[in-house]
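Worksheet for the structure shown next.
Basis for what follows: all heavy atoms, side chains included, without hydrogens, waters or symmetry-related copies.
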Amino acid sequence: MMCIIKDLMSGNDKLPAGREEEMVGHNAIAAGFQGQRQWTDFYPNCDFPEAMLNTTFDWNGAREPYILATENDVLNGLGMMFMKLLTNRAQIFADVRTYWSPEAVKKSTGYELEGKAKEAAGFIHLINSGAACLDANGQAKDENGNPVMKEWFNVTEEDQKNIMAATTWNYADCGYFRGGGFSSRFVTDAEMPVTMIRLNLVKGLGPMLQIAEGWTVKLPEEVSDKLWKRTDYTWPCTWFTPRVTGKGAFKTAYDVMNNWGANHGAISYGHIGADLITLCSILRIPVAMHNVPEEDIFRPAAWNAFGMDKEGADFRACANYGPMYK
């Protein structure tokens, strides 16, 4: 399946005679997979191709990651593509699955939250069966030994070995996937800066973007295991807490999830919200929710003509100028 998807996206000059059109491929910058009943009731799931294609390497070594969204979610695929093009890094596709409050964590495990998760009054469980890049397990290291998700051209053979050593391939849960298959499984075992976004399509408005900068949360192994088993223990797992502001959609981690536009998010390494806001102004996509410090934000000066409220002005300017590309 992975070879077929690569060939569909990029082409393959080794296909047999009579397949000249297919040899060219679609020159695709992103792709997606149907799954979810229409496929997985009777075919193996696409978890292995999704995980490996979104990762910065395969059996040929380091390479630019593909963008392959799952569950027909073109909007999350576009979000992943935006961030890959901005960062040259692999992207995580995940469900925004569960909010864990400090009280719920203590009741379930006896553990008292610490650090950034405590500051945000909890964290969110990011988990999906296959589409998270393997880079997200945090086993690649920078020159100082800190966990990082690297630009694809900086991924070393040692990084690849460490990432693979921290990943298992578990037989699919036949309750979800009656056709079988294998799901990648890892835990993001490090605190790393990340940005989670959601591109939504709203009738009467068009596209709009949500941005939440924050960090992955490193929990003690026994705590992580107990919470992980509340959903699917065979899937890749990332604990995420946003940078909170004490008000509005970023009052707490719960408020972030409560204001999120879908049960999916695209997640990139690093705090790149300011770059995304500038990109969105270029594309005329208003940003409806973000926690980027105001001093870091750059939009065109013409936006100042649309009011003093920066977010409201963004909506009015985007509507006035219209999409750059149609």
Side-chain angles (χ1 to χ4, degrees), residues 76 79 83 91-129 131-132 136-138 146-147 149 185-200 209-273 276 287-293 311:
N76 222 48
M83 296 194 291
Q91 303 298 312
I92 304 170
F93 183 122
D95 287 350
V96 182
R97 176 68 67 117
T98 313
Y99 163 71
W100 282 97
S101 68
E103 296 78 17
V105 172
K106 186 170 184 181
K107 180 180 177 183
S108 300
T109 67
Y111 177 67
E112 295 267 5
L113 289 187
E114 303 172 352
K116 293 181 172 65
K118 183 178 181 180
E119 292 171 19
F123 54 83
I124 298 168
H125 196 182
L126 304 178
I127 186 168
N128 190 286
S129 60
N137 63 20
N146 300 313
M149 292 171 63
R185 181 186 184 278
F186 61 78
V187 63
T188 304
D189 194 31
E191 181 180 295
M192 298 187 291
V194 292
T195 301
M196 180 170 76
I197 69 171
R198 175 65 194 179
L199 184 66
N200 298 302
L209 194 77
Q210 297 172 297
I211 303 170
E213 293 185 340
W215 297 268
T216 59
V217 178
K218 181 177 171 62
L219 296 174
E221 185 177 353
E222 64 277 9
V223 174
S224 191
D225 276 2
K226 286 179 180 177
L227 301 182
W228 197 349
K229 287 173 180 173
R230 296 296 184 95
T231 178
D232 197 301
Y233 200 49
T234 69
W235 294 352
C237 164
T238 301
W239 311 107
F240 167 75
T241 195
R243 183 197 307 117
V244 293
T245 62
K247 59 183 179 181
F250 289 93
K251 185 176 181 180
T252 67
Y254 170 79
D255 293 287
V256 171
M257 184 166 178
N258 195 39
N259 282 276
W260 209 243
N263 72 319
H264 287 161
I267 301 96
S268 183
Y269 179 87
H271 290 158
I272 60 168
L276 285 160
V287 177
M289 166 184 165
H290 74 80
N291 60 346
V292 179
E311 269 43 73

Checklist entry - Is a donor on one side and an acceptor on the other found under 3.5 Å between the side chain of Asp255 and the backbone of Thr252? => result yes

Checklist entry - Should Met192 and Asn146 count as side-chain neighbours, where that means a heavy-atom distance under 4.5 Å? => result no

Next on the checklist: Main chain of Thr238, side chain of His125: is a donor-acceptor contact present, judged purely on distance under 3.5 Å?
Outcome noted: no

Next on the checklist: Using side-chain heavy atoms (C-beta onward) and a distance below 4.5 Å, is Thr109 in contact with Glu222?
Outcome noted: no

Next on the checklist: Using 0.5 Å steps for rounding, measure from the CG atom of Asn291 to the CZ atom of Arg243.
Outcome noted: 5.0 Å

Checklist entry - Where is the tightest heavy-atom contact between Ala266 and Asn76, given as atom of each residue plus distance? => result N-OD1, 3.4 Å

Checklist entry - Do Met83 and Tyr269 come close enough that some side-chain heavy atom pair is under 4.5 Å? => result no

Checklist entry - For the atom pair CD (Glu103) and CD (Glu112), what is the distance rounded to the nearest 0.5 Å? => result 9.5 Å

Checklist entry - Does atom OH of Tyr254 have more than 12 heavy-atom neighbours, drawn from other residues, nucleotides or ligands, at distances under 6.0 Å? => result no

Next on the checklist: Just so I know, are the side chains of Pro193 and His271 near enough to count as touching, which here means a heavy-atom distance under 4.5 Å?
Outcome noted: yes

Next on the checklist: Can you confirm whether Ser129 sits close enough to Asp232 that some side-chain heavy atom of one is under 4.5 Å from a side-chain heavy atom of the other?
Outcome noted: no

Checklist entry - So, the side chain of Arg198 versus the backbone of Trp260: is there a donor-acceptor pair under 3.5 Å, distance only? => result no

Checklist entry - Which atom pair, heavy atoms only, marks the closest approach of Ser108 to Lys226? => result O-CD, 4.0 Å

Next on the checklist: Determine whether a donor-acceptor pair (N or O, by modelled atom type, separation under 3.5 Å) exists between the side chain of Asn263 and the backbone of Asp95.
Outcome noted: no

Checklist outcome for this item: So NZ of Lys118 and CG of Leu113: to nearest 0.5 Å the spacing works out to 9.0 Å

Next on the checklist: Is the shortest side-chain heavy-atom distance between Met196 and Val96 below 4.5 Å?
Outcome noted: yes

Checklist entry - Which value, rounded to the nearest 0.5 Å, describes the distance between Ile127 atom CD1 and Phe240 atom CZ? => result 16.0 Å

Checklist entry - Looking only at heavy atoms, what is the nearest atom pair of Phe186 and Ala132, with distance? => result CZ-CB, 4.1 Å

Next on the checklist: Which residue in the set Trp235, Tyr233, Trp239 passes side chain to side chain contact (heavy atoms under 4.5 Å, CB included) when paired with Cys237?
Outcome noted: Trp239

Next on the checklist: How close do Thr241 and Gly122 get, counting heavy atoms only, and between which atoms?
Outcome noted: OG1-O, 3.0 Å

Checklist outcome for this item: Tightest non-hydrogen contact, residues Glu213 and Pro293, listed as OE1-CD, 4.4 Å

Checklist entry - For the side chain of Ser224 and the backbone of Leu219, is there at least one donor-acceptor N/O pair under 3.5 Å apart? => result no

Item to check | Thr216 side chain vs Asp189 backbone, donor-acceptor pair below 3.5 Å | outcome: no

Checklist outcome for this item: d(Phe123 CZ, Leu227 CG) to nearest 0.5 Å is 5.0 Å

Checklist entry - Is a side-chain N or O of Asn128 found less than 3.5 angstrom from the main chain of Phe93, in a donor-acceptor match? => result no

Checklist entry - Run the side-chain contact (heavy atoms from CB on, under 4.5 Å) check on Met289 and Val256 step by step: do they pass? => result CA-CA 9 Å; Met289 166 184 165; Val256 171; 4.0 Å; yes

Item to check | Donor-acceptor contact below 3.5 Å, side chain Gln210 vs main chain Asn259 | outcome: yes

Checklist outcome for this item: Output for pair (Leu276 CG, Thr195 OG1), nearest 0.5 Å, gives 7.0 Å

